Amino acid sequence: MVCCNVILFFNLVSLVIAVPFRDEYHHDITEYDDKINLLRYNNQENNAQFWLDGAEKTLKEKIEKKEQKGIAKNVILFLGDGMSMTTLAASRIFFGQQSKNPGEETVLSFEKFPYSGLSKTYCVNSQVADSACSSTAYLNGVKGNIKTIGVTAEVKLRDCDSMNVPEHQTSPVTSWAQAEGKATGIVTTARVTHASPAGAYAHTAHRDWESDSDVSSDKQDPEKCMDIARQLVTQSPGNKFKVILGGGRGTFMTVNDTDPEYSNKTGWRNDNRNLINQWLDDKKKSGLSASYVWNREDMLKVNNTDCILGLFEPSHMRYHMEADPQMEPTLEEMTELAIKILSKEDKGYFLFVEGGKIDMAHHGSLAKMAFDETIEFAKAIQKANEMTSEKDTLIVVTADHAHTMSFSGYPQRGSDILTNLQQSGIDLLPYSTISYANGPGYKVNTTDPSKRYDLRYDNMSETRYQFPSTLPLSSETHGGEDVAVFSRGPWAHFLTGSFEQNYIPIVMGYAARIGPTGRIDFPSNSGSSIAKNHSITIIISSLLIILFTKIIKIHN
Ligand SMILES: *[C@@H]1O[C@H](CO)[C@@H](O)[C@H](O)[C@H]1NC(C)=O
Ligand SMILES: *[C@@H]1O[C@H](CO)[C@@H](O)[C@H](O)[C@H]1NC(C)=O
Ligand SMILES: *[C@@H]1O[C@H](CO)[C@@H](O)[C@H](O)[C@H]1NC(C)=O
Ligand SMILES: *[C@@H]1O[C@H](CO)[C@@H](O)[C@H](O)[C@H]1NC(C)=O
Ligand SMILES: *[C@@H]1O[C@H](CO)[C@@H](O)[C@H](O)[C@H]1NC(C)=O
Ligand SMILES: *[C@@H]1O[C@H](CO)[C@@H](O)[C@H](O)[C@H]1NC(C)=O
Ligand SMILES: [Zn+2]
């Protein structure tokens, strides 16, 4: 308690009491301290020209921006799991504040993309999506039921027979890409068999059926309802992925296999199948060079391989802030390797990259960790943006669903996004800028349960600080509002406005000429094939004019 009393004293000084004014709605806006503000932001911000110049620069970028209307040889879909728009606003501030800037003016890598839109995330039977039904939407173009993956809404949760009916199985964008000779891959910081990446290859009536032991512990027959890991290694399109990088060694190894990193752990499978060995054998049989790696050092040594399987933890990869940087690669490093391998393909590729731990951090109300994972996600996108051209590579960045985190109050400009406190005029106790509608951060004052917990006892910049919530839940929930979609590259301008989440792969397929909309012609003014026809016409007519002029000259 000695430490906490120090914090209590420190934070009291910074609390400013709200002064009520005539306006009945905004009286919680405190009188700001101008001296603090001037220290925090650029003096130029007091100048009208500063703002007009900035806005004009943005306008000129729009004027000069040429819509990309060629064929997308490559498509990369970046999925920030649970990356709500509130997460973006808070993460960019957190990022800017790490460089001692006020923070609000910071721009995350993908926020510089020229186009953005809004995606509606609800699923067929649920108002708020989970990562399973949403991955069916943004990877298969079809909405299904909550907790199911790669199947239509005909398939109810746990309905094994129904999930095996071919008409109930949806076709993912990875299959569309493979059908046109493109290479495919998945990268994630979660288990590679977790709900989001599973939408790229699996058909299942339950997202939890990741290994055969998960299926049997759910009282189902794993020989009948094939687990997700086995689908990845043995079924199409997963069995043709050239890149699989992420966590989840456990679902690939048997209970008799000792984990290479943790000698006190084994695999999870009960069916005697070591899927790592099977994957290596299959690639060898197909005449492809293949590498399996389980740590960062080995991954960075991989060079000139056709296929890679990297599984860096028995379960999900660790939070970036807690991972051993020698043992686990960053999302950026995995993305870079994936693009290097896939770029060798003549016909291009489709790559799925997930920042899988933003969601997990939010579920634990670990906002600081969620912001850091968002920044790591942005770094991976920055790398992909640098490694590819917008002329032939469509990059789409989105989230599967939102979360309940709110960013509220009237904190002064440049206030620490994690620790700033304001005071309620009602109970005279402080409240934080970041809080959740529900979750494990709910606390009451145990000595006086009629009172709210006094946040000045807490150190809110701790990595695992659980931000306060209005009501108690063991795991904070998803949010139902729309999520943002940012894009650049061919036909990215078609991902603007407000649309259903399942529209996203339809645009990716159209741009890359794959899947159900891959044969729909580009509009006649698109400047691609038509323009070529036009230029041929122009060249031929110019030649004819020159020829005729010469003939006329000769005759004269
Ligand atoms: C397994 O080993 C790790 C260290 O490698 C240790 O931290 C952990 O507590 C051990 N777990 C069990 C169940 O013994
Ligand atoms: C594990 O090894 C034992 C002993 O060799 C064997 O009986 C059992 O079938 C194996 N189990 C699995 C899941 O491979
Ligand atoms: C990978 O191989 C290529 C060609 O063999 C070589 O030029 C390059 O230096 C190698 N890179 C690394 C990191 O070993
Ligand atoms: C609980 O309430 C008591 C009495 O008002 C107060 O002294 C104490 O600081 C509060 N503690 C917390 C953790 O809110
Ligand atoms: C609060 O936590 C941060 C991050 O762990 C640490 O750097 C800081 O020293 C802590 N503050 C106090 C007063 O303990
Ligand atoms: C361009 O010309 C070719 C050959 O005449 C034709 O097949 C093709 O459809 C034309 N493209 C468009 C977009 O009209
Ligand atoms: Zn979640």
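In listed order, ligands and their atoms are each counted from 1. Hydrogens, waters and symmetry mates play no part in the numbers below; they use all other heavy atoms, side chains included. Bear in mind the structure is a predicted one, so any value in this text is a computation, not a measurement.
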Write none if no such pair exists; otherwise list each N/O atom of ligand 1 with its protein N/O partner under 3.5 Å and the distance.
{"from": "ligand 1", "atom 1": "2 (O)", "to": "Asn264", "atom 2": "OD1", "distance (Å)": "3.3"}
{"from": "ligand 1", "atom 1": "2 (O)", "to": "Asn264", "atom 2": "ND2", "distance (Å)": "2.4"}
{"from": "ligand 1", "atom 1": "11 (N)", "to": "Asn264", "atom 2": "ND2", "distance (Å)": "2.8"}
{"from": "ligand 1", "atom 1": "14 (O)", "to": "Asn264", "atom 2": "ND2", "distance (Å)": "3.0"}

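Residues satisfying the side chain to side chain donor-acceptor pair (under 3.5 Å) criterion with Asp482, sequence neighbours excluded, are absent altogether. Scored by the side chain to side chain donor-acceptor pair (under 3.5 Å) test, Arg249 finds Asp259, Glu261 as partners (sequence neighbours excluded).
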Worksheet item: Passes ring-ring contact (aromatic ring centres under 6.0 Å, His included), His478 versus His362? Steps please.
Response: CA-CA 9 Å; His478 297 169; His362 275 323; 9.8 Å; no
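Contact check on Asp212 versus Arg273 returns no salt bridge, with no Lys/Arg side-chain nitrogen under 4.0 Å from an Asp/Glu carboxylate oxygen. Ion pairing between Asp427 and Lys451 fails under the 4.0 Å rule for side-chain N and carboxylate O.
Between Tyr138 and Phe352, the ring-plane angle classifies as parallel under the 30° and 60° cut-offs.
For the residue pair Ser131 and Asp81, a side-chain donor N or O sits within less than 3.5 Å of a side-chain acceptor on the partner. Side chain to side chain, Ser461 and Asn459 meet the donor-acceptor criterion of an N or O pair below 3.5 Å.
The parts of Asp454 lying near ligand 4 are both backbone and side chain, judged by heavy-atom distances below 4.0 Å. Residue-level proximity to ligand 4 for Tyr457 is carried by the side chain, the only part with a heavy atom below 4.0 angstrom.
Note: an N/O pair closer than 3.5 Å links Lys451 and ligand 4 by distance alone.
For Lys143 (side chain) and Tyr122 (main-chain N/O), a donor-acceptor pair under 3.5 Å exists by modelled atom type.
Under the salt bridge (charged side-chain N to carboxylate O under 4.0 Å, His left out) test applied with Glu328, the options Arg296, Lys357, Arg318 reduce to a single match, Arg318.
Protein-derived N/O/S atoms nearer than 2.8 Å to the Zn ion (ligand 7) total 4, waters excluded.
With contacts defined as side-chain heavy-atom distances shorter than 4.5 Å, the pair Gln382/Glu332 does not qualify.
Taking every non-hydrogen atom of Thr447 and a distance limit under 4.0 Å, the qualifying atoms of ligand 4 come out as 1 (C).
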